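Please read all numbers here as calculations on a predicted model, not as lab measurements.
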Amino acid sequence: MKIDLKQPILDKNDSLAAELRQRFADNHVFVLDLLASPGSGKTSTILATIDALRDEFNIAVIEGDIASNVDAEKIKAQGIAAVQINTGGACHLESAMIKRAVDVLDLERLDLIIIENVGNLVCPTDFDLGENAKVMILSVPEGDDKPLKYPGVFQVSDAIILNKVDTLPVFNFDRAAFDDAVTRLNPQAPVFPLAATSGEGVDAWTEWLAERVRAV
């Protein structure tokens with residue numbers, strides 16, 4: 001006899017995610033769920049995004065990690081509210097975790113919440129967090145073949161950030177092959193090439209995000 005536990009878990013998660021989505025909508029808060037592998041530059045991208053948008057929007061960050069609060073402290077050092085979630089081994093965030101984090105934030109004073117999901121290209125794709133958009137980050141050193149190996153995360157993403165483009169001369173990254181693979185998987189998703197640490201390309205990405213925050 002086979003017992004499938006996945007669907008009941010997802011159903012419970014999705015029900016709470018729907019409640020969160022309504023709560024965010026009632027408070028006019030845009031929620032971004034960032035997905036990426038460890039080392040792709042999630043935190044540096046968040047910091048660059050904060051720097052570009054903080055004069056217009058009130059921003060908070062929810063940091064998801066298996067352990068430690070290193071990234072949350074980096075965000076707080078910039079004067080931005082940050083809530084740390086340690087999953088203790090789980091490879092993704094769930095809506096119940098997000099609810100607990102949101103409960104300590106003042107939604108009425110916020111415009112944008114950025115969720116840094118656990119570094120993983122597989123598990124987070126199945127879990128709705130009540131977000132307005134999922135965006136994935138791939139860094140050049142990870143290779144141009146990742147859309148072929150992990151198609152799911154590219155298919156669920158509303159936009160894709162190609163980070164560390166300043167390292168293109170160093171790595172054997174076939175940009176044309178990458179763009180072609182992404183287009184076949186998700187033709188609606190824009191690709192934003194950038195280098196978060198230097199600021200190259202950040203304006204195009206943050207303007208795309210800002211337009212959606214303003215609409216909310």
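With contacts defined as side-chain heavy-atom distances shorter than 4.5 Å, the pair Ile161/Leu194 qualifies. Side-chain contact between Phe57 and Leu110 is absent, with no heavy atoms from C-beta onward closer than 4.5 Å. Looking at heavy atoms from C-beta onward, Leu32 lies out of side-chain contact with Glu131 at the 4.5 angstrom threshold. You'll find the side chain of Arg21 reaches within 4.5 Å of the side chain of Asp128, heavy atoms only. With contacts defined as side-chain heavy-atom distances shorter than 4.5 Å, the pair Thr206/Trp208 does not qualify. Side chains of Thr167 and Pro141 form a contact here, defined as non-hydrogen atoms less than 4.5 Å apart. For the pair Thr87 and Leu93, the minimum side-chain heavy-atom distance is below 4.5 Å. Here the side chains of Phe192 and Thr45 are not in contact, with every heavy-atom distance at 4.5 Å or above.
For Glu211, the CD atom is densely surrounded, since the number of other residues' heavy atoms within 6.0 Å is greater than 12. At most 12 non-hydrogen atoms from other residues, nucleotides or ligands lie less than 6.0 angstrom from CG of Asn172. No more than 12 heavy atoms of other residues, nucleotides or ligands lie within 6.0 Å of NZ in Lys99, so this atom counts as exposed by the packing criterion. Around CZ of Arg109, the count of heavy atoms belonging to other residues, nucleotides or ligands within 6.0 Å does not exceed 12.
Side-chain polar atoms of Glu116 and Thr43 form a donor-acceptor pair below 3.5 angstrom.
From Ser37, atom OG reaches atom CD of Glu142 across 4.0 Å, with rounding to the nearest 0.5 Å. Between the CE atom of Met136 and the CG atom of Asn186 there is a distance of 11.0 Å, given to the nearest 0.5 Å. With rounding to the nearest 0.5 angstrom, the CZ atom of Phe30 is 11.5 Å from the CD1 atom of Ile113. Distance CG/Asn132 to CG/Asp33: 11.0 Å, rounded to 0.5 Å. To the nearest 0.5 Å, atoms NZ (Lys164) and CG (Leu138) are separated by 10.0 Å. Between the CG atom in Asp203 and the CD atom in Glu207 there is a gap of 8.5 Å [rounded to 0.5 Å].
Arg23 places no side-chain N or O within donor-acceptor distance of the main-chain N or O of Leu107, the cut-off being under 3.5 Å. Looking only at distances, no side-chain donor or acceptor of Glu56 sits under 3.5 Å from a matching main-chain atom of Leu53. Between the Ser15 side chain and the Lys12 main chain, no donor and acceptor come within less than 3.5 Å of each other. For the pair Lys74 (side chain) and Val70 (backbone), a donor-acceptor distance under 3.5 Å is absent. With hydrogens and angles ignored, the 3.5 Å screen pairs a side-chain donor or acceptor of Asn120 with a backbone N or O of Cys123. In terms of modelled atom types and a separation under 3.5 Å, the side chain of Asn69 and the main chain of Ala72 share no donor-acceptor contact. With hydrogens and angles disregarded, no donor-acceptor distance shorter than 3.5 Å links the side chain of Asp111 to the backbone of Val213. Asn13 places no side-chain N or O within 3.5 Å of a backbone atom of Glu94 that could act as its donor or acceptor partner.
A continuous path of hydrophobic side-chain contacts links Leu105 to Val29 [ILVMFWY only; heavy atoms under 4.5 Å]. There is no path of hydrophobic side-chain contacts, each under 4.5 Å, that joins Ile75 to Val104. Both Val31 and Met97 belong to a common hydrophobic cluster when Ile, Leu, Val, Met, Phe, Trp and Tyr are linked at side-chain heavy-atom distances under 4.5 angstrom. Linking ILVMFWY side-chain heavy atoms closer than 4.5 Å, directly or via other members, places Trp205 and Ile59 in a single hydrophobic cluster. By the criterion of side-chain heavy atoms lying less than 4.5 angstrom apart, applied directly or through intervening Ile, Leu, Val, Met, Phe, Trp or Tyr residues, Phe171 is not grouped with Leu148; the two fall into different hydrophobic clusters.
Classified by interplanar angle (parallel below 30°, tilted 30° to 60°, perpendicular above 60°), the ring pair Phe173/Phe178 is tilted.
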**Study point:** Step-by-step side chain to side chain contact (heavy atoms under 4.5 Å, CB included) determination, Leu112 to Leu209
**Key:** CA-CA 10 Å; Leu112 170 63; Leu209 178 58; 4.2 Å; yes
Exercise for review: May I have the step-by-step check of side chain to side chain contact (heavy atoms under 4.5 Å, CB included) for Ile98 and Leu20, ending in yes or no?
Suggested key: CA-CA 9 Å; Ile98 298 302; Leu20 284 170; 4.0 Å; yes
Exercise for review: Kindly determine whether Leu162 and Val165 satisfy side chain to side chain contact (heavy atoms under 4.5 Å, CB included), including the steps that lead there.
Suggested key: CA-CA 7 Å; Leu162 180 61; Val165 293; 4.1 Å; yes
Check your understanding: Between Val170 and Val140, is a side chain to side chain contact (heavy atoms under 4.5 Å, CB included) present by the stated rule, with each step listed?
Key -> CA-CA 9 Å; Val170 180; Val140 167; over 6 Å; no
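Listed here is the closest heavy atom pair of Pro147 and Leu185: O-CD1, 3.3 Å. Across every non-hydrogen atom of Glu63 and Val61, the tightest pair is OE2-CG1, 3.7 Å. Residue Gly41 comes nearest to Ile137 through the heavy atom pair O-CD1, 4.3 Å, listed as atom of the first residue, atom of the second, then distance. Contact between Ala60 and Ile80 at its shortest, heavy atoms only, is CA-CG2, 4.1 Å. Residues Ala195 and Asn163 share a closest heavy-atom pair of CA-OD1, 3.7 Å. Listed here is the closest heavy atom pair of Leu129 and Ser95: CD2-N, 3.7 Å.
Tested against Lys134, the residues Val153, Leu34, Leu35 include a single side-chain contact (heavy atoms from CB on, under 4.5 Å) partner, Leu35.
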